Asks: 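Structure provided below as structure tokens; questions to follow.
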Protein chains: 2
Amino acid sequence: MINQLIAKIKATGAPIVVGLDPMLKFVPEHVKEKAFAEFGETLEGAGEAIWQYNKEIVDNIYDVVPAVKPQIAMYEQFGIPGLVAFQKTVDYCKKKGLVVIGDIKRGDIGSTSEAYATGHLGKVKVGSKSYYGFNEDFATVNPYLGSDGVEPVIKVCKEENKGLFILVKTSNPSSGEFQDRLIRPRVSAGDADGVKGADADRPLYEIVGEQVARWGEEHMGDSYSYIGAVVGATYPEMGKILRRIMPRNYILVPGYGAQGGKGKDLVHFFNEDGLGAIVNSSRGIIAAYQQEKYASFGSEHFGEASRAAVEDMKKDIADALNSR
Amino acid sequence: MINQLIAKIKATGAPIVVGLDPMLKFVPEHVKEKAFAEFGETLEGAGEAIWQYNKEIVDNIYDVVPAVKPQIAMYEQFGIPGLVAFQKTVDYCKKKGLVVIGDIKRGDIGSTSEAYATGHLGKVKVGSKSYYGFNEDFATVNPYLGSDGVEPVIKVCKEENKGLFILVKTSNPSSGEFQDRLIRPRVSAGDADGVKGADADRPLYEIVGEQVARWGEEHMGDSYSYIGAVVGATYPEMGKILRRIMPRNYILVPGYGAQGGKGKDLVHFFNEDGLGAIVNSSRGIIAAYQQEKYASFGSEHFGEASRAAVEDMKKDIADALNSR
């Protein structure tokens, strides 16, 4: 799956993933009106509205980007009907040839982590039969619980040829509260951090990054690992260090656009081969029609506005990479 | 809601929460056969089997415990039909008067965290109407992303009079990989850790625990905060320290029973008032009929075996507390 993602990034020339994070305030009135006319102002109506909204966007971008990243929280807030819209979205994106990164940020231990992995990436056994639950291609995972939480997910990834992005340094302002705290080196001879002679204090995100690099070795694709990392565009200096710590792990980079990250902030997330990072934009693309810059499309043509925003983002990143 | 939970703990004399974590291997054959006869060996069949299994257990324990904790991963693995079973379980438990702790371990940032909180604890707006999604009473939350991830959830808790349990020290063997790492004290005068004169290195879980204590102050009940913590029974010495760091935060204690925690390990999680902790057992109760000790009930009477296991657990904890 990582090989497939890289092939698609090369084919489109766009190291971009579109965050399908539909909030009702992004959905144009005419889409909402149609959905509410059919299902009422109900959870089902909301589910229908976000599904139709997603579909129109996907129809306009599926040939210019390699991947999408639906944020499950935005669906889960509408209960079961929202999750039905999530499933429809995943299925439709895969049918259109897009790689689907489920932004689910799950994390638990042992059989519970395995159950999440089964539901989102693998197949569950029911009597003599097996079924996929949501069947994304990649999922995001929270590392706070340690290897007991991550290993069962890697096991399912291996069986299914799928991948992960593990949270290392998140894009939000307060991510440093715990992630940046300085960690004492371990004193034992068998230093688990794997860096010989490292005796300086280092921030937690580096320790997690090193662990991601080790987990990544367990499930390698041709040139990069199936196990990637999440590092926010809002912390370019940390991205530079983490790029070095995790040379063969793809980095999923949130925080571009609405959260403040710019093309020039992204260059250090990429390797010299021009690969190694995929940058997410959510509202900057899916709600482009609400920006002054793309207002001329009109809300009727919101999908075309999204496509134009993708093209602009592609150029912004390419310009930054070309001038480094 | 924390007041209600404490009132129910006092009324039942059982600081116990039953983990409704149904795996198909726990579900007696006769329950599965009936479900599969109606829905086939399908995801719907699996959903029906775990729902009927839960219902029978709840019918047998609702009057002797204050709360249940469905682990959503065990439902999510069956996709939408599994989540329908989750919702039915939550609704039914609330109807029976049980406090429902959704073990969802979600954690994201800003509007995304708020969306999770909305879906699980609050109401979502659809046009001019508002609806509950899953509507649990408490939810578990992962703190790795910091205040940006937790504050939006606390906001929803305040609006809805609901509560949280934030992961501090989890019960699994590898929880120490990141949670136990020694953190350097901050050097700035305005030390954010709130402990004056603290200049020794301290493990991450203590830093998180202190933050939980601060978050807890934002949403206090009568004697305890609506914001609690998760600390594993498998680490009693750390529990003792965390009890002191978070004197007014309820501690949800997993790891009793199947994971190795015993009654005597639990005493330090409780305050002198006999309150402050609620201990979870999952398979030890819901699959009690599969243990030699309760085999005489037979699989037909699995619900009665669960009730007997609750009574034994209640006695084990009471004995430990009485002899401290």
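Each chain gets a letter, A, B and so on, in the order its sequence line appears, and its residues count up from 1. Note that the coordinates shown come from a computational prediction; the quantities given were computed from them, not determined experimentally.
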Asks: What part of Ile109(B) is in contact with chain A, defined as an atom under 4.5 angstrom from a non-hydrogen atom: side chain, backbone, both or neither?
Replies: side chain
Asks: Could you have a look at Ala73(B), Gly79(B), Gly146(B) and say which one has the most heavy-atom pairs with chain A under 4.5 angstrom?
Replies: Ala73(B)
Asks: Please classify the contact between Asp148(B) and chain A as side chain, backbone, both or neither, with a heavy-atom cut-off of under 4.5 Å.
Replies: both
Asks: How about Tyr75(A) and Asn54(A): does a side-chain donor come under 3.5 Å of a side-chain acceptor?
Replies: yes
Asks: Which bit of Gln71(B) comes within less than 4.5 Å of chain A, counting heavy atoms only: side chain, backbone, both or neither?
Replies: side chain
Asks: Given that the side chain runs from C-beta out, which part of Ser130(B) has a heavy atom under 4.5 Å from chain A: side chain, backbone, both or neither?
Replies: neither
Asks: Which one of Ala49(B), Ala117(B), Gly176(B), Ser111(B) has the most heavy-atom pairs closer than 4.5 Å to chain A?
Replies: Ser111(B)
Asks: For chain B, which of Glu76(A), Met74(A), Met23(A) has the most heavy-atom pairs under 4.5 Å?
Replies: Glu76(A)
Asks: Need one label for Pro143(B): side chain, backbone, both or neither, based on atoms under 4.5 Å from any heavy atom in chain A.
Replies: both
Asks: Please rank Ile104(B), Leu43(B), Thr118(B) by heavy-atom pairs under 4.5 Å with chain A and give me the top one.
Replies: Leu43(B)
Asks: Would you mind checking which part of Val168(B) comes under 4.5 Å of any heavy atom in chain A, side chain (CB onward), backbone (N, CA, C, O), both or neither?
Replies: backbone
Asks: Salt bridge check: are Glu136(A) and Arg106(A) linked by an N-O gap of less than 4.0 Å?
Replies: no
Asks: Could you tell me which portion of Lys125(B) (side chain, backbone, both or neither) has an atom closer than 4.5 angstrom to a non-hydrogen atom of chain A?
Replies: backbone
Asks: Gln87(A) versus chain B, heavy atoms under 4.5 Å apart: side chain, backbone, both or neither?
Replies: side chain
Asks: Non-hydrogen atoms of chain A under 4.5 Å away: do they reach the side chain of Thr170(B), the backbone, both or neither?
Replies: side chain
Asks: When only pairs under 4.5 Å are counted, which of His120(B), Lys169(B), Lys32(B), Lys123(B) shares the most heavy-atom pairs with chain A?
Replies: His120(B)
Asks: Just by modelled atom types, is the Thr234(B) backbone N or O under 3.5 Å from a matching donor or acceptor in the Ser171(B) side chain?
Replies: no
Asks: Would you kindly say whether Tyr132(A) and Glu160(A) are connected by a side-chain donor-acceptor distance under 3.5 Å?
Replies: yes
Asks: Among Ser175(B), Gly133(B), Pro173(B), which residue forms the greatest number of heavy-atom pairs with chain A at distances under 4.5 Å?
Replies: Pro173(B)
Asks: If we define contacts as heavy-atom pairs under 4.5 Å, which of Ser147(A), Gly127(A), Gly149(A) has the most with chain B?
Replies: Ser147(A)
Asks: Could you tell me whether a side-chain N or O of Lys94(B) sits under 3.5 Å from a main-chain N or O of Asn135(B), the two making a donor and an acceptor?
Replies: yes
Asks: Tell me, do Trp51(A) and Thr89(A) make a side-chain contact under 4.5 Å, heavy atoms counted?
Replies: yes
Asks: Are the side chain of Gln179(A) and the backbone N or O of Tyr144(B) linked by a donor-acceptor pair below 3.5 Å?
Replies: yes
Asks: Measure the shortest side-chain to side-chain distance between Lys155(B) and Glu151(B) over non-hydrogen atoms and say whether it is less than 4.5 angstrom.
Replies: no
Asks: Output yes when a side-chain donor or acceptor of Glu114(B) lies under 3.5 Å from a complementary backbone atom of Val156(B), and no otherwise.
Replies: no
Asks: Could you look at Phe36(B) and say if it's the side chain, the backbone, both or neither that has a heavy atom under 4.5 Å from chain A?
Replies: side chain
Asks: Relative to chain A, which segment of Leu24(B) carries a heavy atom at a distance below 4.5 Å: side chain, backbone, both, or neither?
Replies: side chain
Asks: Do any N or O atoms from the side chain of Gln290(A) and from the backbone of Lys25(A) form a donor-acceptor pair under 3.5 angstrom?
Replies: yes
Asks: Hey, does Arg283(B) have a side-chain heavy atom less than 4.5 Å from the side chain of Asp21(B)?
Replies: no
Asks: Between Asn172(A), Ile72(A), Thr112(A), who has the most heavy-atom pairs with chain B when the cutoff is under 4.5 Å?
Replies: Asn172(A)
Asks: Please identify, among Gly122(A), Gly107(A), Pro203(A), Ser128(A), the residue contributing the most non-hydrogen atom pairs under 4.5 Å to chain B.
Replies: Ser128(A)
Asks: Does any backbone or side-chain atom of Ser113(B) lie under 4.5 Å from a heavy atom of chain A? Answer side chain, backbone, both or neither.
Replies: neither
Asks: Does this structure show an ion pair linking Lys34(B) with Glu48(B), if we count only N-O contacts that are shorter than 4.0 Å?
Replies: no
Asks: Where does Thr140(B) contact chain A at under 4.5 Å (heavy atoms): side chain, backbone, both or neither?
Replies: neither
Asks: Between Asp103(A) and Lys69(A) (side chain of the first, backbone of the second, donor and acceptor by atom type, cut-off under 3.5 Å), is there such a pair?
Replies: no
Asks: Please look at Phe86(B) and chain A and tell me whether the side chain, the backbone, both or neither of the residue comes under 4.5 angstrom of a heavy atom of that chain.
Replies: neither
